[in-house]
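Here is the structure we will look at, set down as structure tokens.
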Amino acid sequence: MNLIIDAGNTLVKMAVFKGRDIVYDQKIPLKDFAKNVRSIFSEFRSIQYAMLSTVGALSQAEIDMVSVFCGVHVLSHATKIPFKNSYATPQTLGVDRIALAAAAFYYNPNGNTLVIDAGSCVTYDLINDYGEYLGGAISPGVAMRYKALHTQTAKLPFLEQEEIADFIGNTTETSIHSGVVNGICNEIDGVISQYQSRFTDLTVILTGGDEQFLSKRLKNTIFAHSNFLLLGLNHLLEYNKR
């Protein structure tokens with residue numbers, strides 16, 4: 001069994017894999033990490049290896065705690081990968097994007113795959129049909145757009161994401177919702193169309209925290225997959241066991 005840990009700035013996703021199947025997963029606050037790690041190893045005593053992806057939120061002491069229970073691989077730009085990385089600055093490529101590229105490589109071997117991760121930021125990552133990672137784009141996510149409108153202006157209120165009845169807002173609040181929701185959806189659809197014009201038979205995967213909110217609003221055909229990053233981390237762990 002493998003333990004997969006994806007630690008963000010405030011939340012940690014943890015999953016237990018048996019082979020390629022997820023037998024347990026949960027999302028917890030960062031402050032509860034140590035308690036939940038002990039609980040997982042108490043329940044799943046067959047875990048032998050862990051893959052840990054972190055943006056720097058976990059302390060070295062917390063990482064070392066996991067290594068008490070099993071072998072630990074911390075994902076970095078030095079991690080062995082099964083695809084060719086043609087990113088110009090591989091040392092600056094985020095570990096989440098490395099994991100998503102790995103998931104795409106295994107999900108659609110010998111195909112062109114665009115992975116869109118709609119989280120704090122929206123990231124776009126392309127693996128082509130030669131198994132080559134080309135890069136992509138980074139733009140503000142839904143929550144970041146709402147926050148920017150409030151913090152970068154004098155009078156606009158801070159709003160939470162919300163369904164919109166019409167793309168024409170008739171109040172300040174509905175105008176903000178329309179601008180954020182329509183803006184990000186039209187961006188994603190436009191980016192997909194750009195990639196489709198260059199890459200034939202393109203498979204598009206949408207994942208991340210805002211996946212469900214956005215998927216039903218997009219015009220292009222996509223495959224929504226909430227655990228795509230976790231699958232990529234598990235693939236990378238298996239690859240690095242060799």
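Considering only residues two or more places apart in sequence or on other chains, P90 meets the side-chain contact (heavy atoms from CB on, under 4.5 Å) condition with N85. Residues satisfying the ring-ring contact (aromatic ring centres under 6.0 Å, His included) criterion with H73, sequence neighbours excluded, are absent altogether. For Q161, the side-chain contact (heavy atoms from CB on, under 4.5 Å) test picks out V142, Y146, D210, F213, with sequence neighbours left out. Scored by the ring-ring contact (aromatic ring centres under 6.0 Å, His included) test, F223 finds no partners at all (sequence neighbours excluded). By the salt bridge (charged side-chain N to carboxylate O under 4.0 Å, His left out) test, E43 pairs with no residue at all, sequence neighbours left out. Annotation: salt bridge (charged side-chain N to carboxylate O under 4.0 Å, His left out) contacts of R38 (sequence neighbours excluded): none. Residues that satisfy the side-chain contact (heavy atoms from CB on, under 4.5 Å) test with A101, not counting sequence neighbours, are F83, I127, Y133. The side-chain contact (heavy atoms from CB on, under 4.5 Å) check on S46 picks up M1, with sequence neighbours excluded.
The 12-atom threshold is exceeded at NZ of K241, counting heavy atoms of other residues, nucleotides or ligands nearer than 6.0 Å. Around atom CG of D201, no more than 12 heavy atoms belonging to other residues, nucleotides or ligands sit under 6.0 Å away.
Side-chain contact between I188 and C185: absent, with no pair of heavy atoms (C-beta onward) separated by less than 4.5 Å. You'll find the side chain of L233 stays beyond 4.5 Å of the side chain of L237, heavy atoms only. Looking at L100 and F228, their side chains come closer than 4.5 Å, going by heavy atoms from C-beta outward. A 4.5 Å side-chain heavy-atom check between I98 and T79 finds every atom pair outside the cut-off. In this structure, I116 and I192 have side chains that are in contact, with non-hydrogen atoms separated by less than 4.5 Å.
Counting only residues at least two apart or on different chains, the side-chain hydrogen bond (donor to acceptor under 3.5 Å, both in side chains) pairs with a member in residues 181-196 are Y124-E187, S139-E187, R145-E187, S178-N182, D189-N220. Residue pairs meeting the salt bridge (Lys or Arg N to Asp or Glu O under 4.0 Å) criterion with at least one member in residues 171-182: none, sequence neighbours excluded. Sorted by first and then second residue, the side-chain hydrogen bond (donor to acceptor under 3.5 Å, both in side chains) pairs with a member in residues 109-120 read N108-T113; sequence neighbours excluded. Sequence neighbours left out, the pairs with a member in residues 51-69 that pass side-chain hydrogen bond (donor to acceptor under 3.5 Å, both in side chains) are S59-E62, Q60-D64.
A donor-acceptor pair shorter than 3.5 Å cannot be found between the side chains of S42 and S39.
We find that R217 and E163 are joined by a salt bridge, their nearest charged nitrogen and carboxylate oxygen being less than 4.0 Å apart.
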How far apart are the C-alpha atoms of I28 and L11, what are their side-chain angles, what is the distance that settles it, and do they pass the side chain to side chain contact (heavy atoms under 4.5 Å, CB included) test? CA-CA 6 Å; I28 61 166; L11 294 174; over 6 Å; no
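A pairwise comparison of heavy atoms in L236 and K80 identifies CD2-O, 3.9 Å as the closest pair.
Hydrophobic clustering of Ile, Leu, Val, Met, Phe, Trp and Tyr side chains at less than 4.5 Å, counting indirect connections, unites M51 with F105.
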